[in-house]
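Because the structure is predicted, anything quoted here is derived from the model rather than measured. So you know, we letter chains A, B, ... as the sequences are listed, proteins then strands, and number each from 1. These values consider heavy atoms only, across backbone and side chains, with no hydrogens, waters or symmetry-generated copies.
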Amino acid sequence: MNDPVAELRSALDAAATALRGSGSETDADPGMRLERPKRSGQGDFATNAAMLLAPVLGMPPREIASRLGERLAAQLPVELSHFEVAGPGFLNLVMSDEWHRVGLRRLLEAGDSFGSGGARSPERILLEFVSANPTGPIVAASGRHAAYGDSLGRILEHHGHTVAREYYVNDSGSQVLRLGESVRARALGQDPPEDGYQGGYVADIAKRVEGAADESVDVRELADRAVAAMVDGIKATMSRYGVQYDRYFSERSLHEGSPSTVDRAIADVREAEHIYEHDDALWLRTTTFGDDKDRVLVRRGGEPTYFASDLAYMESKRERGFERQILVLGADHHGYVARLKAAFQALGGDPDMLEPLIMQLVHLVENAERTKMSKRRGDFVTLDELLDEIGVDATRYFMLQSSHERTLDLNLDLARSQSSENPVYYIQYAHARIASMLARVGEERVALAVADGCDWSSPAGELHSAERELIRKLLSLPEEIAEAAERRAPHRIAVFALELAQEFTAFYTNCKVVGAEPATLESFRVALCLATRTQLALVLRLLGVSAPDAM
RNA sequence: GCCCCCGUAGCUCAGUUGGAUAGAGCGGCGGACUUCUAAUCCGUAGGUCGCAGGUUCGAAUCCUGCCGGGGGUACCA
């Protein structure tokens, strides 16, 4: 492991354990924290350990904090500059310049793998997201799912997991047929059926798809062609958006073959005796696993439900060796969670390994009004249109900056007129500035600055507070990655990226880099710039946002 | 009715497995371009953390109730 902050935390744990003695409670207190105080003057790090130990030891918290500090000082004579006991019993730690310099050295050694591989038990994860029906173009709101799923995948991978991304294509069923009917109608110059798709894009497909107006071509066949055309469009949009899937998984493929995946899944749950017949339909007894009511798998008449496909798709994922299944669902699907969990268990799965994540809605606000989006009516803003307006980077950042469990209002007027005010440009600007500076000093000078033999790790003079703060920010990446991965929270990285850019800009404003005297100081600052650039590029990559060298 | 999410600065949002005086961006106001990129920086104003109780050394964070907004509650997909 290459994580100076984690090492500090271990030292603190050791000190706390020693203080507590062997006779008392077994494990370290999980509530013990190594925090970064918000206010200056409260140390570089702070811990509440003493307050948690107080009831155990039966001593005043401040007294414990003082003893804890002394132990830590003995353990870390070089790293720890000094400590203070404050408030109700906080222990504030001030780290030495040496600790910061060593930290920078280790950042450079790790490069863009810093903060990677922290997962306690690496998993094979199948991450399914978007999966919007191929009966229309990708709408703007799906851009949130796409950005979230893609970024989450990148973060999970950096954290040490293996991730496969899939887009589930609903290419069978009545919706698809309805699309075929609508295309046929448009091709013949008629209005689509009332329950069909009214959007203008249907006419475009009708022009592009072969045989649309040819009544000898079956509507079902026409529907397939239309879906294929839609999927091509979806792939193009996703590609433009920087979202790569490992596979577009066809729902229909679940029904093909003999026995089909659907057949096998049903056989499995039948064998486990979770199935019964009622009213000529085949039901899955999901109530066994906490669902409100049982669910139909095969309708009266033999037609399998969409739920049967879901069951089979889960089966397929398990057969392919993914122990964890994450699926990003829209808020309008939260009613499915119970039955999906139940189905997963009926197949013999551990319910904790099926992880439906509910994404709250995106409202597009225009003229101070929320626009309603309906694919049927064709009344929507597409993701492509949004990308035309405000660009990939700004869109992705906007979609990622807030928690997925929070409704997002996307103000189109604002997005259009003030896209340059998007924080993403501030972050990219910091990256571009560094690139420009490093180019100015030249590759050889940079190489010299980071060379092992270079002695900037012990120059005369104290570090500037901006240097110290920037280094600590850089060193906090591993825990940010862990937090973002474990909480499925890419927005944490979006916030971190902005904070890192701010720390860098403060350093830039206060500390001259090129031409700093003595040369060892210039080397140190060049090295710090390089480490910052590497990490900015890394977090931008995790967000799926570009890291330009010039702006 | 029942279930899920949300309510934090004018706007958009962080912070919520309890910690010190609640933060950022944008917008407002006042300043700074002989400078390594001004897409920047500095200063300043702006808050009953929806409301009311409770738990405790300590609550934006946990519990209960209420108010407000959004979504769901199909042999549709």
Regarding the side chain of A:Gln360, the nearest nucleotide among B:rC5, B:rG19, B:rG71 is B:rC5
field: Contact under 4.0 Å: A:Arg525 side-chain N or O vs B:rC36 OP1/OP2
entry: no
task: Using a 4.0 Å heavy-atom cut-off across all strands, classify A:Arg295 as base, sugar-phosphate, or nothing.
output: nothing
**Item:** Interatomic distance at C1', B:rA32 relative to B:rA52, whole Å
**Value:** 49 Å
Per the under-4.0 Å heavy-atom filter, residues of residues 493-503 of chain A near RNA chain B come out as A:Val495, A:Leu498, A:Gln502
Q | Inter-nucleotide C1' distance (B:rC49, B:rA22), Å rounded | A | 8 Å
Practice prompt. Check the side chains of A:Arg396 and A:Ser151 for a donor-acceptor pair under 3.5 angstrom, ignoring hydrogens and angles.
Written response: no
request  = Kindly say if A:Tyr397 contacts the phosphate of B:rC13, meaning a side-chain N or O under 4.0 Å from OP1 or OP2.
outcome  = no
Is A:Ser402 near enough to B:rA14 that one of its side-chain N or O atoms lies under 4.0 angstrom from OP1 or OP2? yes
inquiry  = Is a donor from one side chain sitting under 3.5 angstrom from an acceptor on the other, for A:Gln428 and A:Ser546?
reply    = yes
### Query
At under 4.0 Å, does any side-chain N or O of A:Tyr425 touch on OP1 or OP2 of B:rA39?
no
*asked:* Rounding to an integer number of angstrom, what distance separates B:rA20 and B:rA59 when you compare their C1' atoms?
replied: 14 Å
Separation of the C1' atoms in B:rA74 and B:rC66, to the nearest angstrom = 33 Å
By the Watson-Crick or G-U definition, both distances under 3.5 Å, B:rC2 is matched with B:rG72
| said: Taking the ring of A:Tyr148 and the ring of A:His404, is the distance between their centroids below 6.0 Å? | reply: yes
From the candidates B:rU37, B:rC13, B:rC75, the one with an atom nearest any side-chain atom of A:Ala550 is B:rU37
Do A:Tyr168 and A:Tyr313 have their ring centres less than 6.0 Å from each other?
yes
Re B:rU44: Watson-Crick or G-U wobble partner, both distances kept under 3.5 Å, found to be B:rG28
Checklist entry - Hey, is A:Phe90 stacking on B:rA20? Ring centres under 5.5 Å, planes under 30°. => result yes
- Task: Using a heavy-atom cut-off of under 4.0 Å over every strand shown, decide if A:Asn92 touches base, sugar-phosphate, or nothing.
- Result: base
A:Ser436 has its side chain closest, among B:rU40, B:rC6, B:rU37, to B:rU37
Sugar-phosphate, base or nothing in reach of A:Asp292, heavy atoms under 4.0 Å
nothing
Of the candidates B:rG71, B:rC75, B:rC6, the side chain of A:Trp283 sits closest to B:rC75
task = Tell me what A:His333 touches on the nucleic acid: a base, only sugar-phosphate, or nothing, going by heavy atoms under 4.0 Å.
result = base
* Report yes or no: do A:Tyr306 and A:Asn170 form a side-chain donor-acceptor pair below 3.5 Å? => yes
message: Once you apply a heavy-atom cut-off of 4.0 Å, does A:Ala432 come out as touching a base, just sugar-phosphate, or nothing?
response: base
query: Where the side chain of A:Thr534 meets the backbone of A:Leu530, is there a donor-acceptor pair that is under 3.5 Å apart?
result: yes
I'd like the P distance from B:rC13 over to B:rG50, given in whole Å. 15 Å
Partner of B:rA20 under the Watson-Crick or G-U wobble criteria, both distances under 3.5 Å, comes out as none
Is it the case that the base of B:rG71 and the side chain of A:His334 share a donor-acceptor contact (distance under 3.5 Å, atom types as modelled)? yes
| message | Regarding A:His255 and A:Ser309, do their side chains bring together a donor and an acceptor under 3.5 Å, going by distance alone? | response | yes
Across every strand shown, the nucleotide meeting Watson-Crick or G-U wobble geometry with B:rG65 (both distances under 3.5 Å) is B:rC51
Ranking B:rC13, B:rC75, B:rU16 by distance to the side chain of A:Arg406, first place goes to B:rC13
Atom CG of A:Asn422 and atom P of B:rA24 are separated, to the nearest Å, by 18 Å
Original post:
Is the closest side-chain donor-acceptor distance between A:Tyr197 and A:Gln175 under 3.5 Å?
Top reply: yes
